[in-house]
> 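Take a look at the following structure, please.
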2 protein chains.
Amino acid sequence: MKSTVSDHPAKPDLNSKEGDSRERLIASTRELLWSRGYIGTSPSAIQARSGVGQGSMYHHFKGKPELALAAIERNVEELMHVAESRFASQGTAIERISAYLHAPRDAMRGCQAGRLVQDPDVIASPELRKPLTDLFEFVRVQLAHILSTGIESGEFDQNLDPIATADMIASVIQGGYVLARVSRDTAPFNRAIAATIDMLKKRAELGQLQRTATF
Amino acid sequence: MKSTVSDHPAKPDLNSKEGDSRERLIASTRELLWSRGYIGTSPSAIQARSGVGQGSMYHHFKGKPELALAAIERNVEELMHVAESRFASQGTAIERISAYLHAPRDAMRGCQAGRLVQDPDVIASPELRKPLTDLFEFVRVQLAHILSTGIESGEFDQNLDPIATADMIASVIQGGYVLARVSRDTAPFNRAIAATIDMLKKRAELGQLQRTATF
DNA sequence: GTCTATATCGTGATAGAC
DNA sequence: GTCTATCACGATATAGAC
């Protein structure tokens with residue numbers, strides 16, 4: 001199990017600085033990408049924030065695109081993990097979706113992934129775009145799957161379109177960030193989430209009414 | 001009515017180039033802000049795209065912030081006008097909201113206003129942010145008002161929260177752009193809109209059921 | 001691995017001629 | 001109003017010493 005490259009150093013050894021600069025660079029790049037986007041994030045700013053020098057940075061990464069890729073992949077990794085664990089909650093379809101919608105989010109700051117989707121350079125690069133596409137695809141597919149389960153189990157009415165509704169839910173989160181930022185207030189974000197859950201609950205009521213009325 | 005400054009030259013006179021450069025600068029800035037954001041839009045790029053020279057640009061505008069302000073105000077003016085006319089449609093609350101949701105939009109390109117909300121420099125500047133805040137406020141208030149009308153008229157069930165639902169609807173549009181861009185496909189945007197309208201229709205059905213069942 | 005020096009280019013603006 | 005010249009600075013690296 002001993003490897004020349006240190007992926008996840010099981011026991012941090014004496015030369016514990018190993019990989020430290022690299023991690024600090026990724027962390028700083030993630031912060032800057034989040035707030036300023038790809039275009040607005042300069043190598044010099046990354047160096048300043050991370051405390052890593054010029055030469056050191058270019059030793060670990062070929063340049064800005066490679067650094068950005070590492071940062072984006074880390075973002076997606078974490079966000080996917082959060083989504084996965086929320087979707088894995090016990091309970092009804094509504095409860096599982098509600099668990100995802102109520103994952104802790106910094107509404108005023110926006111989505112670490114969604115932010116980058118606006119960036120033309122990111123979207124134009126297949127490499128940078130792929131992790132983002134994968135993340136959103138994953139979330140939408142999971143949501144659609146949970147909704148389908150809820151339709152089959154009779155939790156929702158039969159006319160609910162799981163794919164379209166999944167797209168709606170994913171959109172509400174991303175759009176909620178926009179409303180929160182522009183109004184400098186997290187309330188619109190929270191209300192949009194609450195209204196979405198309320199819509200699903202009413203679909204459940206409707207399913208209930210339809211079942212008792214028809215059969 | 002004769003004025004030394006030409007706001008809206010009623011009859012374009014012989015020196016018809018008057019104000020032409022200014023308009024071309026604004027148009028180019030709008031295009032660039034839309035695709036590349038504030039940080040990514042440089043005066044030199046604006047000059048190149050508009051065909052207006054350096055000196056001319058700085059004659060008409062003090063600098064990049066002033067140009068951006070003019071461009072953003074123009075964006076907001078147009079978007080508000082579209083929203084206003086869509087909301088003014090005849091029909092039920094659902095029909096009026098549907099008219100707004102189905103206004104022509106370039107889903108892959110995103111929202112000219114929402115795009116800028118991501119930009120930290122725009123959000124940090126009260127001047128640049130104000131038109132955007134006003135626009136989103138207007139849309140949300142109008143949506144909430146139409147929803148309230150629908151509740152009063154009995155079109156929707158009594159439990160619908162007009163403000164939260166307005167926030168949800170505005171969020172769906174903004175978030176739909178994100179899904180469309182990241183998947184390079186307008187379908188998620190269109191489905192999110194369709195699902196939203198479907199949700200409102202089901203609320204109307206529920207209102208109907210409640211009225212016939214209770215009274 | 002990290003540092004400093006150097007290089008090229010773009011950005012954002014000013015000055016002054018025409 | 002528009003043009004060209006000029007400028008200080010930052011972005012994005014490369015080179016080579018330590």
Side-chain angles (χ1 to χ4, degrees), chain A residues 4-7 9 12-29 31-33 35-71 119-122 124-125 128, chain B residues 4-7 9 12-29 32-33 35-71 119-122 124-125 127-128:
Chain A
T4 51
V5 291
S6 65
D7 286 320
D13 48 23
L14 287 180
N15 57 343
S16 66
K17 289 290 181 190
E18 172 191 323
D20 200 32
S21 287
R22 194 170 202 283
E23 281 306 309
R24 290 220 307 282
L25 285 165
I26 291 177
S28 299
T29 305
E31 287 293 320
L32 287 164
L33 284 182
S35 55
R36 305 191 50 79
Y38 183 82
I39 298 178
T41 297
S42 70
S44 62
I46 294 169
Q47 292 155 31
R49 177 178 260 269
S50 64
V52 173
Q54 179 96 330
S56 187
M57 193 197 98
Y58 280 100
H59 168 75
H60 290 289
F61 297 94
K62 278 211 300 265
K64 175 171 163 174
E66 202 175 290
L67 242 174
L69 179 60
D119 225 300
D121 294 356
V122 171
S125 156
L128 296 181
Chain B
T4 50
V5 290
S6 65
D7 286 320
D13 46 23
L14 287 180
N15 57 344
S16 66
K17 288 291 178 189
E18 171 190 326
D20 200 32
S21 286
R22 195 169 202 284
E23 281 306 310
R24 290 220 306 282
L25 285 166
I26 292 176
S28 299
T29 304
L32 287 165
L33 284 181
S35 54
R36 305 190 52 80
Y38 183 82
I39 299 178
T41 297
S42 70
S44 62
I46 294 168
Q47 292 155 30
R49 177 178 260 270
S50 63
V52 174
Q54 178 97 329
S56 185
M57 192 198 97
Y58 280 100
H59 168 76
H60 290 289
F61 297 94
K62 279 211 297 267
K64 175 171 163 173
E66 203 176 289
L67 242 174
L69 179 59
D119 224 300
D121 294 356
V122 171
S125 157
E127 280 217 298
L128 295 181

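First the proteins, then the strands, lettered A, B, ... as listed; each starts at 1.
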> What is the separation between atom CZ on A:R24 and atom C1' on C:dT2, rounded to the nearest whole Å?
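The distance from CZ of A:R24 to C1' of C:dT2 comes to 12 Å, rounded to the nearest Å.
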> Can you see which heavy atom on A:G63 is nearest to which on A:Y58, and at what distance?
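Heavy atoms only, the tightest pair is CA-CE2, 3.9 Å.
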> Decide side-chain contact (heavy atoms from CB on, under 4.5 Å) for B:T29 and B:F61; before the verdict, give the C-alpha distance in whole Å, the side-chain angles of both, and the deciding distance to 0.1 Å.
CA-CA 12 Å; B:T29 304; B:F61 297 94; over 6 Å; no
> If you measure from CG on A:L33 to CD1 on A:I26, what distance do you get to the nearest 0.5 Å?
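Nearest 0.5 Å value for the CG-CD1 distance: 11.5 Å.
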> With sequence neighbours left out, what residues match B:Q54 under side-chain hydrogen bond (donor to acceptor under 3.5 Å, both in side chains)?
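Partners of B:Q54 under the side-chain hydrogen bond (donor to acceptor under 3.5 Å, both in side chains) test: B:Q47.
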> Using the side chain to side chain contact (heavy atoms under 4.5 Å, CB included) criterion, which residues pair with A:S56? Sequence neighbours excluded.
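Expected list: A:S21, A:V52, A:H60.
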> Checking B:S125 side chain against B:D121 main chain: does a donor-acceptor pair fall under 3.5 Å?
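Pair absent, no side-chain N/O of B:S125 close to backbone of B:D121.
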> With axes from five pairs an end, tell me the bend angle of the helix from C:dG1-D:dC18 to C:dC18-D:dG1, nearest 10°.
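Terminal axis comparison yields 0°.
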> Of all residues at least two apart in sequence or in a different chain, which pass the side chain to side chain contact (heavy atoms under 4.5 Å, CB included) check with A:P120?
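In terms of side chain to side chain contact (heavy atoms under 4.5 Å, CB included), with neighbours along the sequence ignored, A:P120 is linked to A:I39, B:R36, B:R115.
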> Return no unless some side-chain N or O of B:S21 is found under 4.0 Å from OP1 or OP2 of D:dT2.
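B:S21 to D:dT2 OP1/OP2: side-chain N or O found under 4.0 Å.
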> Whole Å only: how far is the CZ atom of A:R22 from the P atom of C:dT2?
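Going from A:R22 (CZ) to C:dT2 (P), I get 12 Å.
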> What is the distance, to the nearest angstrom, from the CG atom on A:D20 to the C1' atom on C:dT2?
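Whole-Å distance recorded here is 13 Å.
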> For A:S42, what residues pass the side-chain hydrogen bond (donor to acceptor under 3.5 Å, both in side chains) criterion, not counting sequence neighbours?
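With sequence neighbours excluded, A:S42 shows a side-chain hydrogen bond (donor to acceptor under 3.5 Å, both in side chains) to A:S44, given in chain and number order.
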> Rounded to whole angstrom units, what separation is found between the CE atom of B:M57 and the P atom of C:dG12?
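Between P of C:dG12 and CE of B:M57: 9 Å.
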> Could you measure the distance from the OG atom of B:S50 to the CZ atom of B:R22? Nearest 0.5 Å is fine.
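Separation between the atoms: 13.0 Å.
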> What pairs meet the salt bridge (charged side-chain N to carboxylate O under 4.0 Å, His left out) rule with one or both residues in residues 50-61 of chain A, with sequence neighbours excluded?
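Sorted result for residues 50-61 of chain A: empty, none.
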> Whole angstroms only, please: what is the NE2-P distance between B:H60 and C:dG12?
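B:H60 atom NE2 is separated from C:dG12 atom P by 20 Å.
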> Just how far, in rounded Å, is C1' of D:dT12 from CZ of A:F61?
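After rounding, the reported distance stands at 16 Å.
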> Rounded to whole angstrom units, what separation is found between the NE2 atom of A:H59 and the C1' atom of C:dG1?
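Value for this atom pair: 5 Å.
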> Please write out each protein N/O paired with an N/O of nucleotides 14-18 of chain C under 3.5 Å, distance rounded to 0.1 Å.
none

> If you look only at pairs with a residue in residues 44-69 of chain A, which of them pass as a salt bridge (charged side-chain N to carboxylate O under 4.0 Å, His left out), with sequence neighbours excluded?
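Only A:K62-A:E66 qualify under salt bridge (charged side-chain N to carboxylate O under 4.0 Å, His left out).
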> Where along residues 42-52 of chain A does a heavy atom fall under 4.0 Å from DNA chain D?
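Residues of residues 42-52 of chain A that come under 4.0 Å of DNA chain D are, in numerical order, A:S42, A:P43, A:S44.
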> If I take atom CG in residue A:L32 and atom P in nucleotide D:dA11, what distance separates them, rounded to the nearest angstrom?
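Nearest whole value for this atom pair: 11 Å.
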